[in-house]
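Written out below as structure tokens is the structure these notes cover.
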Number of protein chains: 2
Amino acid sequence: MSKQQRKIPLYIQIKRKLIDKIKEREWVPGDPLPSEGQLMQQFNVSRTTIRQTIRELAHDGIIETRRGAVARVKETPKDELENPGVVHHESGGEFSIKVLRSKYVYDHYFAQQQLQIEDAKIFFLERLRIADGTPIGFQQLYTPAYIGELIENEASAWFDIFPVLGMNSVNYSSIKEDVTASLVNQYEADLMGITSGDPLIEISRVTLGTDHRPIEFSKTKYLPAHFNYRIEIGY
Amino acid sequence: MSKQQRKIPLYIQIKRKLIDKIKEREWVPGDPLPSEGQLMQQFNVSRTTIRQTIRELAHDGIIETRRGAVARVKETPKDELENPGVVHHESGGEFSIKVLRSKYVYDHYFAQQQLQIEDAKIFFLERLRIADGTPIGFQQLYTPAYIGELIENEASAWFDIFPVLGMNSVNYSSIKEDVTASLVNQYEADLMGITSGDPLIEISRVTLGTDHRPIEFSKTKYLPAHFNYRIEIGY
DNA sequence: GCGGATTTGTTCGTATGTATA
DNA sequence: GTATACATACGAACAAATCCG
């Protein structure tokens, strides 16, 4: 429209408009998008621009494309399929979450470094993972503030962050996890109701978004008896 | 070039050629790529095609692009690009191996079960993994006898079994690893010269050959301070 | 099941804006 | 400040897969 708005590329503007329609559930998974020709007319742009929009949406895993057929909104993938290769397994029947702390911080140097952002507001979440009433894990999680706003309200409702991110159209391109073992300290032992000195599995994770910038950093400590980490390479 | 290859889109062919140069370390992280104009001439294609190649490489996180500057190979540790998946890392300078036990057994029920062979001779190997003179890990390894014959003579010479298998043309189709934590027992503590009660990372591994039958089962316990387990999904 | 119309995938050429060197 | 190089955007053509009567 105006000269100010022209800073944002057309293909990004159109991409956002299409994502909005999916977010607002005007288009639900499985629905066909308009054809490229229709989109060209609708937004009054060239095929090149529409194709770049479509390519990005497909690359981000938001839509699925096939030659000769109109693009469709992607069916939300199952949790298991999102992590091919690695399977976490927590044992127990009834799982729940207790939120210990949830706040925005400005001065956490280590988290800022992990998230590669400086002097910015960071959302911090500390939770207890509970199975059948017994604590089995202790989690500290950091995200940039804009992600925190998406997840903080229901921080006790979700067990795993990735489905929540997916529902908010925040996709990731890679996950890195470091696994090590440590002894439980007094603070953690009291929280989990165990004896100081027991061993824990400690998992540090950094998740990168589709722009390859960090969107989440977390450290989780599990009781080995209730947790198993399985890696499969090949098939 | 040839007629056969023409099925593959140009931008994919060029992408592969560029990735090859990075894999072969002709271009190392930080190196600039040729400009788009140079690539156009070199491959005799249009700007559109080169741009699609560049866009994909950037989106995949293999190169970094900035407006006005030539693209550069992204700073990424080499292991990760070549073998996305799992990286073990043992810290230390000078590594060595001490063989504790090396023998053929007939009556090890658990190993027979893991290797899915019955009433057959199994090769058993127990080794200490040493870094700078200090034990950092304790490994028990089982293979079918025919594999044992290939590896037993030099059991103190190799640190990792897979290169040895590869040199003997024994290939694998998959690896499964379970990671957990445990407390060191008295036997292990004495072997590694540590205090009973320290935590260990425990990795159980089953390797399947190209015929999908097990060729190796092992259990290794590491001192967390000297070991790190890294899993990467995506790239 | 066949065949034409539609739609996406690839590639060319060209032009302009904007950030870097 | 100028030349270079990348980012965006237009138009056009053909190939390949799909869709529909």
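No experiment lies behind these values; they were computed from the predicted model shown. Below, chain A is the first sequence line, B the second, and so on; all start at residue 1.
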A/R67 atom CZ is separated from C/dG9 atom P, nearest whole Å, by 7 Å
Distance col, row A/I50:CD1 vs A/Q42:CD, nearest 0.5 angstrom, shows 8.0 Å
CG/B/L33 to CG/B/L57 distance, rounded to the nearest 0.5 angstrom?
-> 7.5 Å
Kindly say if A/Y11 contacts the phosphate of D/dT8, meaning a side-chain N or O under 4.0 Å from OP1 or OP2.
-> yes
Whole angstrom is fine here: how far is it from CD1 in B/I14 over to P in C/dT10?
-> 13 Å
Whole-Å distance between D/dT8 P and A/Q13 CD?
-> 12 Å
Side-chain N or O of A/S35 closer than 4.0 Å to phosphate OP1/OP2 of C/dT6 = no
What is the distance, rounded to the nearest whole Å, between atom CG of B/L33 and atom C1' of D/dC6?
-> 13 Å
Could you please name the partner base of C/dA15, counting Watson-Crick and G-U wobble pairs only when both distances are under 3.5 Å?
-> D/dT8
Can A/E202 and A/S204 be counted as having a side-chain donor-acceptor contact under 3.5 angstrom?
-> no
Do we get B/R129 above B/F159's six-membered ring, with its NZ or CZ under 6.0 Å from the centre and within 45° of the axis?
-> yes
Atom-pair distance (CD1 on A/I8; P on C/dG17), nearest Å | 19 Å
Hey, does the side chain of B/R72 reach the backbone of B/I63 with a donor-acceptor pair shorter than 3.5 angstrom?
-> no
Between A/Q112 and A/Y142: side-chain donor-acceptor atoms closer than 3.5 Å | no
Check the distance between C/dT7's C1' and A/R66's CZ and give it to me in whole angstrom.
-> 11 Å
Under a 4.0 Å heavy-atom cut-off, which of residues 39-59 of chain B touch DNA chain D?
-> B/R47, B/R51
Here the salt bridge (Lys or Arg N to Asp or Glu O under 4.0 Å) pairs for residues 35-57 of chain B, sequence neighbours left out, are B/K15-B/E56, B/E36-B/R47, B/E36-B/R51
How close or far is atom C1' of C/dT14 from atom CD of B/E36, stated in whole angstroms?
-> 15 Å
Between C/dT20 (P) and B/R72 (CZ): distance, integer Å | 13 Å
